[in-house]
Protein chains: 2
Amino acid sequence: MTAPYIRPIVTVDVVVLTLRAGQLQVLEVQRQDAAEPFCGAWGLPGGYVHVEEDDDTASAARRVLRGKTGGHVGHLEQLYTFSGAGRDPRGWSVSVVYLALVQGDDGMGLRPDQAGVRWVNVDEAGELPFDHAAILAKALDRVRGKAAYSSLPAFLIAPVFTWSELMGVYEVVLGQTLDASTFRRKVEAQMMIVPAHGQRRHTGAGRPAGLYRLSTDALHDFGRVVLSERA
Amino acid sequence: MTAPYIRPIVTVDVVVLTLRAGQLQVLEVQRQDAAEPFCGAWGLPGGYVHVEEDDDTASAARRVLRGKTGGHVGHLEQLYTFSGAGRDPRGWSVSVVYLALVQGDDGMGLRPDQAGVRWVNVDEAGELPFDHAAILAKALDRVRGKAAYSSLPAFLIAPVFTWSELMGVYEVVLGQTLDASTFRRKVEAQMMIVPAHGQRRHTGAGRPAGLYRLSTDALHDFGRVVLSERA
DNA sequence: CGAATAGTGTCTGTGAGACATTATCTT
DNA sequence: AAGATAATGTCTCACAGACACTATTCG
């Protein structure tokens, strides 16, 4: 007897983070369907898995992002799976949650001002539907934890960046200031970045900064790079 | 229109690890139901989520372990969620996989010789059904990764242990020898263990070793304990 | 020139790793 | 006492953190 059991609802949700105006921000979408719970509320993008269309939950997550933001996603990883009888009024549900990082502050197609879509500072997200508050908290734990030992925060900025910009994103994510010399030493030791072409001058005064991009290794896996400093 | 989509199959699978005879071993069960795929094959314990009975997937995992091993589980954590159209012949499926660690070598109820249940060295698991080989590989990655910075491997041995036993389990999991002095310094710095009562004499000769157990903190969360050494 | 930002050099304390030494048991 | 294992002490070198210093641009 194959699958005699009642099947739970299966959805994917995505925590999309970026860096805008020096702040870590999360993407919220306004729930539109009047037949579904929390209609009108702002929550994390998500939706049902479509078994005819999606290869797996990761591709379902990409489809959700395509549909709701139309933009390009720099990094996507599975975060955690939330489940239970109580988390969704529609019934016993499983939500496979993904974490997406996209570059901020210079229009990469994510249409931040599109109707029904908005960016919110991660510490200013209001009342979120379902268990989205717990999901967001877990995503922040993950990003902050990985920031201490991986190149992951680099996906929050443009693919070509200066040392200042790279260190700045780590400082925002980790919530502490870093020492430029120590930061460079650690990043260089891990061969996490390589020089890019050209030079860019700073906005006002000062010596122009060299440009860099993530190394091929850093783009594909996140080695045990230790970047955190003492509290 | 609530849930107009075809719902995937939702199962849980559990990678149960222990330490027996100085080896890291995984629990396999023989698949019994002739109506289900891979009947007769040895694979990871798992089963359908029962929405009437299970609070969430973690409780489904505990139920699966109760039913198939009857034993006590020292540590249970979510590992990863595997999904897709191709991984299960019964159809598009989602499997929420858990990692369980149990103490080995001194009968704690897990009935290792029960019919249809067996322990296998993790590097000698044969042909596994579904994507269980990939699941096991991911579990080993997780355990080895966490061994470098947490008290997690301690759940593979008895709750009261000696320094030798604790260091031994780390050596087996990490696959390298450790220095006793350095190991003690790091573990003590993290206040991971506390003395237990009594003294235990060694099997043959030598000074008897003091007994210890995990501290309350280490039992509940896995702090950033750094225990690995250089390769 | 001075201001501003980029980037490098150097000192020092901590602690990991290695290994020597002491302690306490069995036979 | 000899042998075995437990437990602790000590040395050294690498490196993280701190900060001073040099470099290169703009106005």
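Keep in mind that the numbers below use all heavy atoms, side chains included, and drop hydrogens, waters and symmetry copies. Naming: A, B, ... by sequence-line order, numbering from 1 per chain.
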pair A:Leu136-A:Leu140: side-chain heavy atoms closer than 4.5 Å: yes
Nearest-nucleotide 5' precedence on DNA chain D, B:Ser164 against A:Arg185: B:Ser164
Value in whole Å for how far the C1' atom of D:dA7 lies from CD of B:Glu165: 15 Å
Contact list (N/O, under 3.5 angstrom) for nucleotides 21-24 of chain C vs protein:
| residue | atom | partner | partner atom | Å |
| --- | --- | --- | --- | --- |
| C:dA23 | N3 | B:Arg207 | NH1 | 3.3 |
| C:dT24 | O4' | B:Arg207 | NE | 3.4 |
| C:dT24 | O2 | B:Arg207 | N | 3.4 |

Contact check, side chains of A:Val120 and A:Gln25, non-hydrogen atoms, under 4.5 Å: no
Whether B:Ser215 side chain and B:Ala218 backbone form a donor-acceptor pair below 3.5 Å: yes
Euclidean distance, atom CG of residue A:Leu166 to atom P of C:dA6 [Å, nearest integer]: 13 Å
Spacing of A:Phe161 atom CZ relative to C:dA6 atom P, expressed in whole Å: 15 Å
Geometric cation-pi criterion, A:Arg118 with A:Trp42: 6.0 Å, 45°: yes
Under 3.5 Å side-chain donor-acceptor pair for A:Asp13 and A:Ser95: yes
Side chain of B:Asp179 (C-beta onward), nearest among C:dA6, D:dA7, C:dA18: C:dA18
Sidechain-backbone polar pair: B:Asp56 side chain, B:Ala58 backbone, donor-acceptor under 3.5 Å: yes
Nearest-Å distance for atom pair CZ/P, residues A:Phe183 and C:dA6: 13 Å
From B:Arg184 atom CZ to B:Leu166 atom CG, the distance as rounded to the nearest 0.5 Å: 10.5 Å
Shortest side-chain distance from B:Arg184, nucleotide among C:dG7, D:dA7, C:dA16: D:dA7
Of the listed nucleotides D:dA7, C:dG7, C:dG17, the one nearest the side chain of B:Trp163: D:dA7
Angle of first-five versus last-five pair axes in the helix from C:dC1-D:dG27 to C:dT27-D:dA1, to 10 degrees: 10°
Phosphate-side-chain proximity, B:Lys186 and C:dG15, N/O vs OP1/OP2 below 4.0 Å: no
Separation of atom CD in B:Gln176 from atom C1' in C:dA18, rounded to whole Å: 14 Å
A:Thr81 side chain to B:Thr81 backbone, donor-acceptor under 3.5 Å: no
Donor-acceptor under 3.5 Å (B:Asp179 side chain, B:Ser181 main chain): yes
C:dG9 base / A:Ser181 side chain donor-acceptor hit below 3.5 Å: yes
